[in-house]
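To start, the structure under review is shown below, and the notes come after it.
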Number of protein chains: 2
Amino acid sequence: MRADARRNLGKIVEAAAEVVAERGVGAPMEAIAKRAGVGVGTLYRRFPDRDALIAAVGDHYIHTMADALDAADRGSADAWSAIWDFVCWVAEPGRAALSTALAVLPDEVIARRAEFARVRARWEERFDQVVRRAQAEGTMRRDVGVQDLIHLLNVFTCHPEDLPAPVAADPGRYLRLMLDGMKAGAATPAPSR
Amino acid sequence: MRADARRNLGKIVEAAAEVVAERGVGAPMEAIAKRAGVGVGTLYRRFPDRDALIAAVGDHYIHTMADALDAADRGSADAWSAIWDFVCWVAEPGRAALSTALAVLPDEVIARRAEFARVRARWEERFDQVVRRAQAEGTMRRDVGVQDLIHLLNVFTCHPEDLPAPVAADPGRYLRLMLDGMKAGAATPAPSR
DNA sequence: GCATAACCGGAATACGAGATTCCACTTATG
DNA sequence: CATAAGTGGAATCTCGTATTCCGGTTATGC
């Protein structure tokens with residue numbers, strides 16, 4: 001592979017990650033090409049079709065995600081702060097939407113990527129352990145689970161076009177609100193009336 | 001207007017409300033027609049174009065919404081339960097998605113509907129009063145406002161296709177979680193670390 | 001019962017958006 | 001410098017949906 005071609009490949013995956021973060025997994029090839037500063041033809045020389053390109057972005061990102069969770073876990077005194085830190089990490093600008101975008105990857109795409117599915121499963125399992133630990137430590141409500149956390153993460157870090165502008169501008173604000181509602185003792189006990 | 005035509009008109013608006021709730025304001029005319037049990041031609045005989053039909057749905061729904069808020073307010077001892085009850089009302093099955101669908105009505109549509117804009121403004125104002133009252137009563141955090149509540153309502157009652165399935169299946173669960181995070185005292189005071 | 005103005009369904013048409021292909025034209029590299 | 005590798009982006013193909021149109025129905029007044 002020629003040196004300039006390798007350079008372009010890098011630019012393409014990088015651009016794809018950015019554009020997917022902004023517009024979701026349905027982002028048009030042309031938008032990605034423009035962002036990378038290349039023609040659409042170049043995208044198709046490296047990837048057979050858009051699914052392959054999106055999958056490449058996913059492969060890279062899921063690892064980052066798993067690493068961030070591990071780092072938050074290692075770097076925190078207790079499980080609740082680990083969760084808090086990880087959620088804040090996901091909400092950081094430019095990263096937010098990507099995680100969700102990938103959450104809605106079509107099944108066909110995932111099926112052809114055993115690696116992706118495996119890493120994601122490991123991540124979920126790890127996340128679940130942290131959540132259970134937080135509950136055992138008495139800092140987190142017992143009537144919510146890791147799936148609730150994941151769904152809410154997905155909801156708030158959806159690509160900006162599908163969210164009210166203020167939410168897209170600061171998903172962290174709403175994610176923190178959600179965490180506050182998940183703290184032990186925050187639960188509203190009975191039906192309201 | 002012939003009797004059968006009037007009957008169809010009713011079926012159309014009703015069907016449109018259902019389909020918009022399920023698929024958002026972008027729902028195809030054909031889906032609405034099928035739901036109403038009529039042909040697309042019939043839709044176009046009553047409404048010049050899809051915007052007009054969607055606007056008609058909005059006109060009707062915004063009134064229902066405003067009334068529900070007033071009812072929740074009148075029927076509750078304190079402002080916080082009024083908010084809680086109203087949020088639960090919005091989250092009720094079949095109603096949920098409609099309110100959000102309308103929140104993203106294109107500006108062109110709204111501009112041609114002074115009535116809609118007026119009722120919606122009155123509703124927001126009323127909602128804001130209740131929120132401020134709850135804060136004055138000491139039951140709600142002071143660092144969140146009515147706009148946060150509205151955004152969250154919009155996010156969670158989005159049409160099902162844009163939400164993780166479990167969230168779409170029970171938006172109330174997640175809205176209640178958010179409300180728990182908005183209660184006075186729920187705020188996490190400082191940065192986590 | 002009939003004439004007929006209103007209605008109807010839904011096939012046909014018009015479009016816009018975006019994926020994918022193709023090829024004449026560049027540019028690294030041995 | 002020869003040439004294989006690489007490139008941009010116009011052209012093509014597909015799809016999903018709005019909108020139009022019209023031959024066939026049906027309510028209604030007489």
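Order of the sequence lines fixes the chain letters, A, B, ..., with proteins taken first and strands second; residue numbering starts at 1 for each chain.
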(request) In plain terms, say whether A/R118 and A/E115 are close enough for a salt bridge, that is, a side-chain N and a carboxylate O under 4.0 Å apart. (result) yes

(request) Report yes if the side chains of B/L179 and A/T188 come closer than 4.5 Å at any heavy-atom pair, otherwise no. (result) no

(message) What is the separation between atom CZ on B/R46 and atom C1' on C/dC8, rounded to the nearest whole Å?
(response) 10 Å

(request) Figure out the CG/P separation between B/L43 and C/dG10, and round it to whole Å. (result) 13 Å

(message) According to side-chain hydrogen bond (donor to acceptor under 3.5 Å, both in side chains), does anything in residues 19-33 of chain A pair up with another residue at least two apart or in another chain? List the pairs.
(response) A/E22-A/R35

(message) Can you pull out every side-chain hydrogen bond (donor to acceptor under 3.5 Å, both in side chains) where at least one residue sits in residues 141-151 of chain B? Sequence neighbours excluded, please.
(response) A/R173-B/D148, A/Y174-B/D148, A/D180-B/R141, B/E124-B/Q147, B/R141-B/D143

(message) Quick test of your reading of the model: are B/D128 and B/R132 salt-bridged, counting only N-O distances below 4.0 Å?
(response) yes

(request) Take nucleotides 22-30 of chain D nucleotide by nucleotide from the 5' end and write B, S or -, depending on whether a protein heavy atom sits under 4.0 Å from the base, only from the sugar-phosphate, or from neither. (result) ----BSS--

(message) Any salt bridge linking A/R133 with A/D73? Criterion: basic side-chain nitrogen under 4.0 Å from a carboxylate oxygen.
(response) yes

(request) Starting from P on C/dC8, measure out to NZ on B/K11 and report it in whole angstrom. (result) 9 Å

(request) Specify the separation, in whole Å, of atom CD1 of B/I32 and atom C1' of D/dT17. (result) 12 Å

(request) For A/T64 and A/D67, test the side chains for any donor-to-acceptor distance below 3.5 angstrom and give the result as yes or no. (result) no

(request) Going 5' to 3' through nucleotides 14-21 of chain C, assign each nucleotide B (protein heavy atom under 4.0 Å from a base atom), S (under 4.0 Å only from sugar-phosphate atoms) or - (no protein heavy atom that close). (result) ----SSBB

(request) Name all pairs fulfilling the ring pair (Phe, Tyr, Trp, His ring centres under 6.0 Å) condition that reach into residues 14-63 of chain A, sequence neighbours left out, sorted by first residue then second. (result) none

(message) Counting C-beta onward and ignoring hydrogens, is there a side-chain heavy-atom pair between B/L177 and A/M182 closer than 4.5 Å?
(response) yes

(request) For the helix from C/dG1-D/dC30 to C/dG30-D/dC1, measure the angle between the helix axis at one end and the axis at the other, each built from five pairs, rounding to 10°. (result) 10°

(message) With a 6.0 Å cut-off (strictly less than), is the heavy-atom count around NZ of A/K11, excluding the residue itself, greater than 12?
(response) yes

(request) Find the distance A/R6:CZ to D/dT7:C1' and express it as a whole number of Å. (result) 17 Å

(request) Establish, with yes or no, whether the OP1 or OP2 oxygen of C/dC8 is under 4.0 angstrom from a side-chain nitrogen or oxygen of B/N8. (result) yes

(request) Can you tell me the distance, in whole Å, between the NZ atom of B/K34 and the P atom of C/dA11? (result) 10 Å

(request) Hey, can you tell me if A/W89 and A/F86 have their rings parallel, tilted or perpendicular (30° and 60° cut-offs)? (result) parallel

